[in-house]
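In each ligand, atom 1 is the first atom listed, and ligand 1 is the first ligand listed.
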Amino acid sequence: MVVGEKQSKPRVHDDIVARLAKSIFSGTVKPGQTLPSEMTLCQQYGVSRTAIREAIRVLSAKGLVQARSRSGTEVLAPANWNFLDAGVIEWMQLSYKGADFFRSLLEVRLLIEPEVAVLAAERATAQEVATLEQAYNAMVVAEPGDFEACSQANLDFHVGVIAASHNLVLGHLVTAIRAALLAGFRMTFRANLSWNRMIEHHRLVMEAIRLRQPEDARKAMLALLATNREELLADPEPRRWRSPRPQASQFPAGLAGDNGATVTFDGLVQQFRNLFGAVPQVYRAPGRLNLIGEHTDYNDGFVLPVALDLSTWAAISPRSDRRVHIHTDMLSEAIEFDLDEPDPERKQDWSDYVRGVALILERTGYWLKGANLLLKSDVPVGAGLGSSAALEVAVGYALTRNSGLTMDPVDLAWCCQRAENEFVGMRCGIMDQFVSCGGAVDHALFLDCRTLDSRLVPIDPRARLVICNTMVRHELAGSEYNLRRQDCERGVALLSQALGPIKALRDVSAAQLEQHAGLLPEVTYRRCRHVISENERVLRAATALEKGELHVFGQLMGESHRSLRNDFQVSCRELDVMVELALSVEGVYGARMTGGGFGGCTVNLVAAEAVERFSETVSKAYQDATGQKPAIFTCSPGAAVGAETSLKIATPGTETT
Ligand code: GAF
């Protein structure tokens with residue numbers, strides 16, 4: 001039975017079940033003790049022996065008691081209670097009307113949840129931690145007066161903790177606690193007086209799990225539940241609460257968000273007005289250029305990308321219905337869809353990114369308004385410069401802003417990645433979306449893709465980042481990219497036979513890989529070797545950049561390219577030619593392919609004074625070698641997603657030669 005459905009006709013034993021259960025929850029009969037004998041119960045309740053037996057059978061089925069032949073019917077400990085399915089919850093709510101019932105649920109949670117938090121801190125995968133952070137962030141943005149939103153966000157957080165630990169927790173325990181949460185939260189929130197304090201406690205649990213500190217996780221969860229309990233006991237009456245909303249952001253201050261002023265530009269606004277007859281807001285999200293750390297993000301590893309100065313722009317205005325109408329130069333015809341469509345289908349074109357983002361935002365709890373959208377981009381598509389992420393982030397940011405919502409940038413990056421993974425079908429990592437949401441002018445962003453901790457690293461002003469587009473378009477979705485990811489997962493599965501429960505290639509050192517190479521097929525071994533060595537290179541490269549050691553950085557770029565070419569096998573002839581030509585030019589510190597591979601661009605670290613010569617030489621030599629005219633341009637790392645006040649949209653892949 002589902003919570004909220006009507007109860008079927010009460011039977012005689014239902015009442016006995018309810019009364020016996022109540023004596024257990026209220027502590028009148030404690031775990032380990034036995035219930036009175038059948039005969040005593042018959043007399044006590046004035047019903048037949050059959051009714052008593054039936055009641056005990058129901059209670060046993062729920063794991064609440066166990067009938068033992070000699071010692072009577074024993075009350076079991078909470079850890080065995082698998083009775084908290086939705087039907088029982090409803091029945092209990094009806095029977096106990098609130099606070100008593102909630103208190104017993106709280107006791108269950110006090111017993112179980114601290115242990116669950118410990119396991120989560122020990123075991124959670126990066127994805128699970130990200131899910132949890134997402135739930136925490138939803139708590140932060142929930143309006144304190146919005147009972148439903150707060151309840152749901154809090155429930156999601158606790159279910160997230162359970163999910164993050166579930167590989168070790170017994171199934172029935174999870175079921176029990178999940179059900180307990182479902183029923184209990186509504187009452188918690190009625191009793192809860194201080195939403196801010198609650199959020200603060202949740203933050204401590206979150207941090208302990210993210211930093212993998214089991215003991216702190218236990219303490220924080222205990223403190224959270226104890227606060228909960230105190231407040232409930234202090235004010236058991238249903239009551240709404242109001243308190244100011246705190247802000248959450250994992251990015252250093254000032255890195256993400258609007259640049260403040262009103263939109264004041266012509267072409268895009270004019271086109272929008274012609275199309276939709278309204279003045280839009282305009283938002284911009286950058287593409288990405290990865291300096292080093294390729295195919296490491298989905299292995300919980302490290303990356304060092306920059307936000308590009310090429311972007312996708314979204315001009316938007318609200319509609320009164322729940323439809324989204326989109327115009328873009330990317331397609332001649334307009335696209336429209338309904339936000340209420342229950343199960344939208346993929347169209348296998350660029351509009352899937354827009355649909356996917358809208359869908360995931362809605363599923364995550366961001367209630368969107370209908371919108372008119374005009375999209376433009378100067379990030380070359382299929383060039384390994386994060387054009388998909390720029391589109392997703394621009395759309396996600398525009399849709400939420402258009403609906404009066406603000407989103408933590410990490411949350412936005414994560415939703416966009418989910419849209420690509422779950423709707424578009426490309427199992428990408430989080431690098432592109434993250435840097436689009438959190439990059440900064442003239443800086444690279446060092447990101448730990450497991451913890452999502454990041455720091456900015458200034459780009460040395462003596463050097464320039466030059467992009468060379470081979471003009472070979474890569475096709476990643478659903479093909480080689482996903483296969484590479486599978487290879488890495490196979491590596492993890494095989495290596496865990498020797499190394500124990502590892503989660504990702506991040507957990508394997510180069511020495512361990514060599515020691516257990518015999519477990520892996522040759523190809524899998526080489527895939528793993530790339531990822532493991534690339535992680536080391538990223539760490540060294542970030543330090544080198546910080547210290548201004550441009551030659552060291554350049555060497556690491558070269559090693560990265562060779563590893564991607566030989567071990568990960570995602571390069572192609574044109575990329576190899578472009579890298580080789582670049583390295584032959586004086587003043588070049590390093591060169592490598594960038595992005596997913598199989599075509600697209602190279603990134604080159606070039607001494608500022610050598611850029612012109614570099615562009616001319618490489619352009620000519622590449623054309624001679626391949627018959628293709630490349631696009632070569634200097635990139636100045638740009639700002640994260642935000643509102644736009646003026647803009648100049650370049651022709652995609654503008655050449656400097
Ligand atoms: C693509 C993906 F989208 C990224 O997540 C990343 O894996 C990259 O390829 C390779 O480093 O851009």
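Of all atoms in ligand 1, listed by their number and element, those nearer than 4.0 Å to a heavy atom of Gly429 are 5 (O). Below 4.0 Å from some heavy atom of Asp297 lie the following atoms of ligand 1, by number and element: 4 (C), 5 (O), 6 (C), 7 (O). Within the listing of ligand 1, atoms 7 (O) sit less than 4.0 angstrom from a heavy atom of Tyr298. Short contacts between ligand 1 and Met431, defined as distances under 4.0 Å to a heavy atom of the residue, involve ligand atoms 6 (C), 8 (C), 11 (O). Counting the atoms of ligand 1 from 1 in the order shown, those under 4.0 Å from a heavy atom of Glu294 are 10 (C), 11 (O). Residue Cys428 has at least one heavy-atom neighbour below 4.0 Å for each of these atoms of ligand 1: 2 (C), 3 (F), 5 (O). Listed by atom number, the atoms of ligand 1 under 4.0 Å from Asp432 heavy atoms are 1 (C), 2 (C), 3 (F), 4 (C), 12 (O).
The aromatic ring centres of Phe302 and Phe446 sit less than 6.0 Å apart.
Counting only distance, with no hydrogens or angles, the side chain of Lys503 and the backbone of Ala124 share a donor-acceptor pair below 3.5 Å.
Sorted by first and then second residue, the salt bridge (charged side-chain N to carboxylate O under 4.0 Å, His left out) pairs with a member in residues 380-397 form an empty list; sequence neighbours excluded.
Taking SG of Cys468 as the reference point, atom CD of Glu574 lies at 13.5 Å (rounded to 0.5 Å).
For Asp567, the salt bridge (Lys or Arg N to Asp or Glu O under 4.0 Å) test picks out Arg526, Arg529, with sequence neighbours left out.
Remark: Arg455 engages Glu546 in a salt bridge, criterion side-chain N to carboxylate O under 4.0 Å.
Distances from ligand 1 to the non-hydrogen atoms of Arg288 include at least one value under 4.0 Å.
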